[in-house]
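As structure tokens, the structure follows; a few thoughts come after it.
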Amino acid sequence: MEYFLQQLINGITLGSIYGLIAIGYTMVYGIIGMINFAHGEVFMIGAFIALTSFLALAALGITFLPLVLLIILAVAMIFTALWGWTIERVAYRPLRGSFRLAPLITAIGMSIFLQNFVQITQGARVKPLPPQIQGGITLMDSPSGIVVQLSWMQLIIIVMTVVLMTAFSLIIGKTSLGRQQRACEQDRKMASLLGVNVDRTISLTFVMGAGLAAVAGTMYLLYYGVIDFYIGFIAGVKAFTAAVLGGIGSLPGAMLGGLAIGLIETFWSGYFSVEYKDVAAFSILAIVLIFLPSGLLGRPEVEKV
Amino acid sequence: MSAVAQTSNAAPEASSRELMLSVRGVETFYGKIQALRGVDIDVYAGEIVTLIGANGAGKSTLMMTICGNPQARSGEILYRGDDITRLPTHDIMSRSIAQSPEGRRIFPRMTVMENLQMGALLEDPKHFDADLNKVFELFPRLKERRNQRGGTLSGGEQQMLAIGRALMSRPKLLLLDEPSLGLAPIIVKQIFSAISELNRSEGLTVFLVEQNAFHALRLAHRGYVMVNGRITMSGTGRELLSREEVRSAYLEGGAH
Ligand SMILES: Nc1ncnc2c1ncn2[C@@H]1O[C@H](COP(=O)(O)OP(=O)(O)OP(=O)(O)O)[C@@H](O)[C@H]1O
Ligand SMILES: [Mg+2]
């Protein structure tokens, strides 16, 4: 029981990180119908920006932890968002309206480019960050010796994710910007006839997705304490799987899918074997897609318009 | 019907009014296919002008070309004296032009209310409540359905929503592409009298594409006939209605 609870906490934490990344996949897919394969790298860049700004702050002698965290998070979000904006601007926008596979191929190219770019500029070796936030709350201390602990870091990740996802759902659901994004998603031509600047709205979607990926990257860095140029590929594939599992294009689906993948992976490693955790996640995806081709919360393709 | 007939009688003096929309020598292509072949059309402030023509003549293409999607390959489009031919669509629409396009294009996964909010995007939010009430007065049906998703409305309700949405931006020039398509005669009547009412009470300028040539020509002050991407005839609604070519091509059996 204690062991189960501990795995549950770990799984939710991991799932939060996947969920934050998955939103970027699902929103971009929703609005331009394209899988942005470079999104995992955007997450990785977010982690590197967070690390760089952390080292810069340390060099400046700023060590007050809450302030440091706030600054690196803000810096990571701003600069990663800029990356997201730039990627769309240079690589995807010029291809809008060309054949369907073109942006997909470009996205794969962009993903490889960004990996190599970071590998060259930052080096191929893993970058460590000493643990910054230690300790936590002991939830259960059983006589058998198994301790159930919710670390502060886990708590921060989970709370942050809940707050961001709530804010995000409100933006998409209730604000004029969110309505414009949904309008572009449903009928771009009509949206422009109502005065929506479609290009700007698409750019903003990339910016928002990248901002969330930056939060995920920063949390990843603080939680695991090591990053390298390759983390974007693995986390990206997982988050993409999460988005598909939840129903690509669906915002709550991305959150649910992220959580599901995080839990599956953690429980599989906890109860069976660490080696096959990815296989487990993908197998479950395959099984779900057989019965629910559009994912858990996706809408069926056939639609009366 | 009486309201409709009245406006035909009271055609405004076109020459003394501001030229609101002027389409000059416009040619539009879809790839290699030419859809418009040198179209000239003038719409003066306060007028209702209709464009009739057979399927595939290029009517909807003209409506969309005015809004910059697709853009004209040659020729020019002036709106209140400004050249808007090469402007992006959202810029054109921000000049108080609104279109209720062919096929209605309601956002299917947005509620009626959200569709109307989208229509009001370019308008000062302080007008929203008043404009909303006006649309609900015009189409009480929409008020009943305001929390229903657009995609689940009936065809007629969608058409009302499309027109209501266009009105939410307080347009000076309203482009309507086949507002009567697929509607019951009583609803058509209602929509046409709403158009003529808006025209009379608020001076709304309307450019209307219609299959229903008989109704359209009676409603409009002036009309144009389009054949294969060219304007072949123009005149007041009455003149066109009395022309034998128009009657035989667009009205046979249509004068119901
Ligand atoms: N997106 C498009 N791509 C290629 N050709 C098009 C496109 N849209 C319209 N056309 C062609 O352009 C011509 C004019 O079409 P348009 O829709 O403007 O006609 P219309 O007068 O509105 O017809 P209807 O009364 O049936 O609505 C047609 O021959 C049509 O096939
Ligand atoms: Mg048409």
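We use all heavy atoms of the structure for the numbers below, so side chains are in, but hydrogens, waters and symmetry mates are not. Numbers restart at 1 for each chain; the letters A, B, ... are given by sequence-line order, proteins then strands.
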For residues 90-97 of chain B against chain A, heavy atoms under 4.5 Å, the residues are B:H90, B:M93
Practice prompt. May I ask you to list the residues in residues 111-143 of chain B that approach chain A closer than 4.5 angstrom, counting heavy atoms only, ordered by number?
Written response: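 Residues of residues 111-143 of chain B touching chain A at under 4.5 Å: B:E114, B:Q117, B:M118, B:G119, B:L121, B:L122.
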*Option in A:A183, A:A191, A:S176 with maximal non-hydrogen atom pairs under 4.5 Å from chain B*: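 Counting heavy-atom pairs under 4.5 Å, the top option is A:A183.
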inquiry  = Is A:S192 close to chain B through its backbone or its side chain, or both, or neither, when contacts mean heavy atoms under 4.5 Å?
reply    =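 Backbone plus side chain of A:S192, per the 4.5 Å heavy-atom cut-off to chain B.
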Q. Does B:S180 have any side chain to side chain donor-acceptor pair (under 3.5 Å) partners at least two apart in sequence or in another chain, and if so, which?
A.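 Partners of B:S180 by the side chain to side chain donor-acceptor pair (under 3.5 Å) criterion, ordered by chain and then number, come out as B:E210.
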Check your understanding: Sequence neighbours excluded, which residues qualify as side chain to side chain donor-acceptor pair (under 3.5 Å) partners of A:K238?
Key ->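 Listed in chain order: A:E265, A:D278.
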Query - Flag side-chain contact, heavy atom, 4.5 Å: A:Q186 against B:M110 - result: yes
Distance col, row B:S100:OG vs A:M190:CE, nearest 0.5 angstrom, shows 7.0 Å
* To do: Measure the CD-CG distance between B:Q99 and A:L193 for me, rounded to the nearest 0.5 Å.
  =>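 Result: 5.5 Å between the selected atoms.
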- prompt: Would you find more than 12 non-hydrogen atoms of other residues, nucleotides or ligands less than 6.0 Å from A:F79 atom CZ?
  reply: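 It does not: A:F79 CZ has 12 such atoms or fewer within range.
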Atom CZ of residue position A:F282 - does it have more than 12 heavy atoms of other residues, nucleotides or ligands inside 6.0 Å? yes
A:D187 versus B:F107, closest heavy-atom pair with distance: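 So the minimum-distance heavy-atom pair works out to O-CE2, 3.7 Å.
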Turns out that what part of B:M168 lies under 4.5 Å from chain A's heavy atoms comes down to neither
